[in-house]
Amino acid sequence: MLRVKLIALAAAAALLLVPVPRASADSGDAILGAIVGGVITGIAINEANKNKPPKRRVVVRPAPESPQRKANRLTQTALNYFSFNAGYADGLFGPQTATGVRAYQGFLDFPQTGKLAAVEHDILMGAYNRGQAGDYATVTLVNSSPLGPRALLVAQRDAMLGRVASNPGTTVPVTSTSDGGPTIAENDTGTLTGLPLIPVPTGKGNLADFCGTDAVTGPRVTLAAMGEPEPALNQAFCAARAEAIDTAATLAAAVEGVSMAGIEAQCDQLGPVMKPYVANLPGMPRAGVIDEVRDFVDDSGADAAQLASTARICLGTGYRTGDLDAAIGSGLLLVALGQPAYGELMGHHLHHGFGVAANENRALDWLVWTTDELRAGAMPVFGSGDSGRADLVDEAVYRLNGGAAPAPGPSKNAASKGRLPTAGTAN
């Protein structure tokens, strides 16, 4: 794995001199470092090159992609979808992809060879296609299982190997391969048959449109005049989004030698890298999500301070451009880097279903955990200049989680600290 300084230099130089390159799957641990270097160290490289003669612009045209490489790319994408890190999906199988394959094989109790047997490949791709289809039974299974999306792998394995179906009612036609192993039948277009291909949309539409509604932009809800908790939380969510966008713009403007388009290109790369971890939010316990992102950060070798700055830029940039994988993924990175106040965003996204499948229990868990962390002394990141925001969100979360509104009389805010109910927030 390349050292962070070398990664930063290479990525920043590429950003300034040639189109942004794609890292291979087997440099997966360095992808995050490259993104960080590209955004943050542009100013340093620019200053160092001021007195050097301009370099000739080089354009590398990729060779046509073979069918096998396309198939490999899809396999890597499926591994990443289930959080078996195969690195960037470039269609080249090597050590990083083999590591992801072994993790997948170990999860399903297959021999950990690092090479996919036919049946192992078919189970992986069948579960992935089922997850992408997003039918009602699939969404229910993912949201109700502690395994999250990986429950699809168990269900697919059980169905294909003749075990008791993990998700009764879903028919999966089985044939045989040349080596005697089962596989899922496909039609002429390569689309899995027997699975309903009706996409189930998440959320209530476009987040920017939602934050522009009268219910959100109307008179600000105050603690004293709070009725139902929903309007207060909606305003808090959209205010945090707007603040993240403003912060990103300020930070991006300070990066000399890198245009906003260049920064957006770097953040565009962050979205696919973080997508598997974002996809874990509805089905995996909060602590498990945070642990996996921490492990990913440790493996990446990225400098923590640079990564935090990059994540703050890409958080707001993602919200501004509508790239919610980049925005939510950046929020997860900041939580994993020891800034739990960003966990509030995970709660809002899970509550509404913007960018992830809605899951109220997971939403409450993230919101309650965040307010607990703030009360315990974590540094606030939203509501600068608004001293009442923390108490407003705290009270709204309390009521959303089943707490009653206070009786008329003296304020109970000071006495209410630590009184959040826990019903309905199980991991």
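Computed from heavy atoms alone, side chains included, the values below leave out hydrogens, waters and symmetry copies. Quick note: residue numbers are just sequence positions, from 1.
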Could you go through the side-chain contact (heavy atoms from CB on, under 4.5 Å) check for Asn72 and Leu92 one step at a time?
CA-CA 7 Å; Asn72 290 347; Leu92 300 176; over 6 Å; no

Among residues two or more places apart or on two chains, list those pairs meeting salt bridge (charged side-chain N to carboxylate O under 4.0 Å, His left out) that have a residue in [range].
range	value
residues 340-352	Glu344-Arg389
residues 109-119	none
residues 311-323	Glu264-Arg320
residues 232-245	none

Quick check: closest heavy atoms across [X] and [Y], and the distance to 0.1 Å?
X	Y	result
Thr138	Gly131	CG2-CA, 4.2 Å
Leu333	Ala311	CB-CB, 4.3 Å
Gly316	Ala248	CA-CB, 3.6 Å
Cys314	Leu270	CB-CD2, 3.7 Å
Leu345	Ala240	CD2-CB, 4.0 Å

Non-neighbouring partners of [X] that pass side chain to side chain donor-acceptor pair (under 3.5 Å), sequence neighbours left out:
X	result
Asn80	none
Ser145	none
Gln105	Thr113, Glu120

Closer than 3.5 angstrom, by distance alone: can the side chain of Gln76 be matched with the main-chain N or O of Gly91 as a donor-acceptor pair?
yes

Determine whether a donor-acceptor pair (N or O, by modelled atom type, separation under 3.5 Å) exists between the side chain of Arg73 and the backbone of Ala89.
yes

Quick one, [X] and [Y] - any side-chain contact, counting heavy atoms below 4.5 Å?
X	Y	result
Leu281	Leu332	yes
Glu360	His351	yes
Ser330	Met274	no

Those residues that, when tested against Asp291, pass salt bridge (charged side-chain N to carboxylate O under 4.0 Å, His left out) (two or more places apart)
Arg294

Could you list the residues that satisfy salt bridge (charged side-chain N to carboxylate O under 4.0 Å, His left out) with Asp325, not counting sequence neighbours?
Lys275

Would you please say whether a donor-acceptor pair under 3.5 Å links the side chains of Asn234 and His348?
no

Interatomic distance, [X] atom [atom1] to [Y] atom [atom2] [nearest 0.5 angstrom]:
X	Y	atom1	atom2	answer
Met125	Thr77	CE	OG1	8.0 Å
Asn85	Thr99	CG	OG1	8.5 Å
Leu74	Asn129	CG	CG	7.0 Å
Leu392	Gln235	CG	CD	8.0 Å
Ile263	Asp268	CD1	CG	12.0 Å
Thr250	Ile245	OG1	CD1	12.0 Å

Is the distance between the ring centroids of Phe382 and Tyr342 under 6.0 Å?
yes

Applying ring pair (Phe, Tyr, Trp, His ring centres under 6.0 Å) as the test, list every pair that has at least one member in residues 301-329; sequence neighbours left out.
Tyr319-His349

Run the side chain to side chain contact (heavy atoms under 4.5 Å, CB included) test against Ala242 and tell me which residues pass, sequence neighbours left out.
none

Partner set under ring-ring contact (aromatic ring centres under 6.0 Å, His included) for Tyr104, not counting sequence neighbours
Phe84

Could you go through Asn143 and Val139, starting from their C-alpha distance and side-chain angles, then the distance that decides it, and tell me whether this counts as side-chain contact (heavy atoms from CB on, under 4.5 Å)?
CA-CA 6 Å; Asn143 288 345; Val139 173; 3.4 Å; yes

Under a 4.0 Å threshold between the charged nitrogen and the carboxylate oxygen, would Arg375 count as salt-bridged to Asp394?
yes

May I have the step-by-step check of side-chain contact (heavy atoms from CB on, under 4.5 Å) for Val368 and Val397, ending in yes or no?
CA-CA 7 Å; Val368 169; Val397 171; 3.8 Å; yes

side-chain contact (heavy atoms from CB on, under 4.5 Å) between Ile328 and Tyr277, intermediate numbers included:
CA-CA 9 Å; Ile328 301 172; Tyr277 304 96; over 6 Å; no

